[in-house]
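Structure record follows, encoded as structure tokens.
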Number of protein chains: 2
Amino acid sequence: MSSKIFISAREVADRAGVSRSAVSRTFTPGASVSDETRRRVLEAAEELGYHVNHLARGLMRNESGIVCLIVSDVATPYRSALLRELTLQLQNSGKVAMLINTDRSDGSVDRALRQAIRYRADASVILSGLPDKSITQLCLRNGQRLVLINRDDDQPGPLRINLDDYESAGRIATAFLRAGCRRLAFANSEAGTPSLMGRERGFVAAAASMGMDVVVERHGQTGYEAGKVLAQRMLTRSERPDAVFCATDLLACGFMDAARHQFGISIPNQLCVAGFDDIEQASWSSYELTTFAQPVASIAAKAVEWLSMTQLEDSAAEVPSIRLRAELVWRNSIRGG
Amino acid sequence: MSSKIFISAREVADRAGVSRSAVSRTFTPGASVSDETRRRVLEAAEELGYHVNHLARGLMRNESGIVCLIVSDVATPYRSALLRELTLQLQNSGKVAMLINTDRSDGSVDRALRQAIRYRADASVILSGLPDKSITQLCLRNGQRLVLINRDDDQPGPLRINLDDYESAGRIATAFLRAGCRRLAFANSEAGTPSLMGRERGFVAAAASMGMDVVVERHGQTGYEAGKVLAQRMLTRSERPDAVFCATDLLACGFMDAARHQFGISIPNQLCVAGFDDIEQASWSSYELTTFAQPVASIAAKAVEWLSMTQLEDSAAEVPSIRLRAELVWRNSIRGG
DNA sequence: GCAAGCTTTGCACACGCTTGCAAAGCGGAC
DNA sequence: GTCCGCTTTGCAAGCGTGTGCAAAGCTTGC
């Protein structure tokens with residue numbers, strides 16, 4: 001009872017009194033059809049409710065128009081913001097996004113990429129996790145383009161888009177010093193991804209170069225609750241820090257909430273806080289968090305632009321890699337803006 | 001340089017020394033293949049890195065395995081949470097999600113559905129906006145199943161999943177009264193969707209039945225900033241409300257922030273607040289918002305379950321419609337929990 | 001050894017589309 | 001009228017699958 005109610009080019013052709021090729025060409029940009037034929041085809045198509053079958057088209061052209069977005073924790077503010085930009089810009093460039101959710105389990109990303117291969121996706125964008133090298137190769141061999149966002153990896157082939165985590169972290173250290181802070185701390189998660197570790201190392205290094213130590217704590221995954229726990233650990237130390245850089249805005253929100261509501265600490269008077277990502281909540285009055293903005297729009301733009309390049313530079317060893325700058329958004333969680 | 005590097009069943013068959021049908025059957029659950037043949041096929045497939053081409057399979061079976069999720073404002077907490085549940089549960093039931101972003105413009109949803117038809121999606125789930133009746137019919141005629149989440153609409157055919165917005169709103173009115181509040185207010189957006197309006201009407205009606213008036217204000221879209229604006233309007237009235245029900249948690253967050261930081265109002269002592277959705281931020285210490293939880297997991301489960309039904313009850317006029325209950329999550333923004 | 005029944009296998013067609021190729025149509029220059 | 005060049009059109013060959021059908025193979029019971 002279900003199917004076979006699809007209208008095919010054959011029926012449109014019959015109704016319009018032209019050949020089936022004419023129909024096909026009408027819907028193929030740049031193909032050679034006379035105005036009169038096109039008009040009749042479009043009219044017939046409209047009447048019948050015809051829509052080109054992209055499965056069949058993809059089969060012929062070896063090009064499905066599908067781009068896989070591989071991501072875990074979609075419901076997280078930063079992730080969902082990036083997702084939004086990517087889907088929007090992909091749509092604008094005539095592609096369509098297939099969303100595959102991964103968990104933290106091993107092989108989760110690999111399974112996602114296999115799915116991408118099955119649907120003959122033109123490309124996959126990986127926002128979380130890292131694929132096994134063999135799978136990466138399999139994808140590339142299948143003519144699938146790969147984009148890694150904020151995943152540091154040295155495999156050649158995929159486009160890599162990264163931020164200047166290390167340098168940014170250095171800038172915030174300077175800002176803390178200028179605000180008169182002397183006991184610096186860094187709050188991190190245990191996820192250990194390259195971007196998070198980059199921020200940590202950059203912060204510690206910059207502080208060291210100014211002759212200061214940094215208390216580093218890591219806990220849990222990168223979320224609000226982890227931030228609270230980190231605050232509890234750090235703010236009960238005998239030498240309480242007077243400035244903390246949180247690897248993530250979510251951590252920072254948790255940290256601030258614990259600091260204020262459990263310890264009665266005033267921010268930024270007694271404690272300066274900075275974060276990273278510039279999620280929407282960072283601008284809410286309860287936080288007014290000074291943070292680094294992920295340039296999500298630019299990230300998406302760069303990715304889509306690369307995916308839309310028809311001719312890939314075959315200068316083989318040409319490993320594409322893009323580095324974007326995270327802008328510091330100055331708010332009110334550090335003294336003396 | 002690009003394509004034609006795909007491995008097809010043909011090559012696997014040759015390598016395994018069997019017919020192409022044998023390969024096809026090996027990857028078709030429930031088909032008849034001897035263990036020995038299956039083993040050899042799987043081995044050859046593994047060596048060659050073969051993956052069934054789902055475009056071709058979809059073409060044959062008239063069943064792509066694709067489910068379109070049509071949604072605007074993906075980056076919003078409630079939306080992204082629902083999205084997360086849907087993609088996860090779809091994956092678990094062997095489907096794959098295609099994400100289409102709509103804006104508020106007219107025809108945006110229709111365009112999305114046309115895209116769904118082109119990819120011969122098995123189904124579409126609509127989280128935002130409403131399609132034109134003619135497009136709905138077109139989808140149904142194409143054997144595509146439709147799910148409308150929190151969109152009230154009386155077209156027969158699509159599965160409709162809704163909450164008990166009206167009744168929930170009534171319950172919160174009672175809670176406000178019990179907390180001793182006497183000057184009730186309702187903060188809404190101008191979006192005017194049935195669920196938002198249902199909450200408004202339910203609240204006003206319940207208050208009226210207890211002999212109380214409700215000050216209603218509507219502004220902007222359903223976001224944090226709108227909540228702040230609404231607070232500014234309502235809290236500068238001569239008769240300042242002592243309880244406000246916000247149509248959405250995001251509105252509530254904005255409202256609370258403005259109330260506290262701009263007006264120095266203490267919550268819940270001077271003002272009781274309630275929201276709807278139970279987004280993650282509602283549980284943050286800065287808000288501790290009493291709110292109704294959208295049963296996102298159940299919503300997704302119901303949708304996926306219906307989509308997985310092989311036989312649709314053909315008792316034609318059988319219009320499927322599901323009503324779920326939003327549970328009240330009691331926190332600290334109303335006196336006397 | 002043979003018939004019957006069941007499982008496994010291969011053939012060939014269909015799905016809806018694109019596109020190279022050659023034929024057809026058209027207009028203009030001579 | 002003829003020839004040339006250009007645009008438009010139709011034919012037909014694929015793209016990688018699934019599956020009905022009939023043949024083949026195997027097992028069992030006599």
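Lettering follows sequence order; numbering is per chain, from 1.
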Compare the minimum distances between each of [options] and the side chain of [X], then state the nucleotide with the smallest one.
X	options	value
Val33(A)	dA12(C), dT9(D), dT17(D)	dT9(D)
Met60(A)	dG16(D), dT9(D), dT18(C)	dT18(C)
Ala56(A)	dT8(D), dG16(C), dT19(C)	dG16(C)
Arg25(B)	dT9(C), dC11(D), dG16(C)	dT9(C)
Thr28(A)	dT19(C), dT17(D), dG10(C)	dT19(C)

ask   = Contact class for Ser34(B) (heavy atom, under 4.0 Å): base, sugar-phosphate, or nothing?
value =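 It contacts sugar-phosphate atoms only.
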
[atom1]/[X]: more than 12 non-hydrogen atoms of other groups inside 6.0 Å:
X	atom1	result
Lys95(B)	NZ	yes
Glu36(B)	CD	yes
Asn92(B)	CG	yes

Atom-to-atom span, [atom1] of [X] to [atom2] of [N] - whole angstrom:
X	N	atom1	atom2	answer
Arg10(A)	dC15(C)	CZ	P	12 Å
Asn142(A)	dC15(D)	CG	P	17 Å
Asp35(A)	dG25(C)	CG	P	20 Å
His54(B)	dG16(D)	NE2	P	16 Å
Arg118(B)	dC17(C)	CZ	P	13 Å
Tyr119(B)	dG16(C)	OH	C1'	15 Å
Phe27(B)	dG18(D)	CZ	P	10 Å
Glu63(B)	dG16(D)	CD	C1'	17 Å

request  = Using only heavy-atom distances, determine whether the side chains of Ser195(A) and Asn150(A) contain a donor-acceptor pair under 3.5 Å.
outcome  = no

Within the pair [X] and [N], is there a side-chain N or O less than 4.0 Å away from OP1 or OP2?
X	N	value
Ser32(B)	dT8(C)	yes
Ser19(B)	dT9(C)	no
Ser24(A)	dT18(C)	yes

request  = Return the 5'-most residue of the pair Arg20(A), Thr37(A) with respect to DNA chain D, ranking by each residue's nearest nucleotide.
outcome  =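 Closer to the 5' end of DNA chain D: Thr37(A).
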
ask   = Is any side-chain N or O of Ser8(A) under 3.5 Å from a base N or O of dC17(C), one able to act as donor and the other as acceptor?
value =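 Not at all, since no donor on one side and acceptor on the other fall under 3.5 Å apart.
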
key: pair Pro295(B)-Leu163(B): side-chain heavy atoms closer than 4.5 Å   = yes

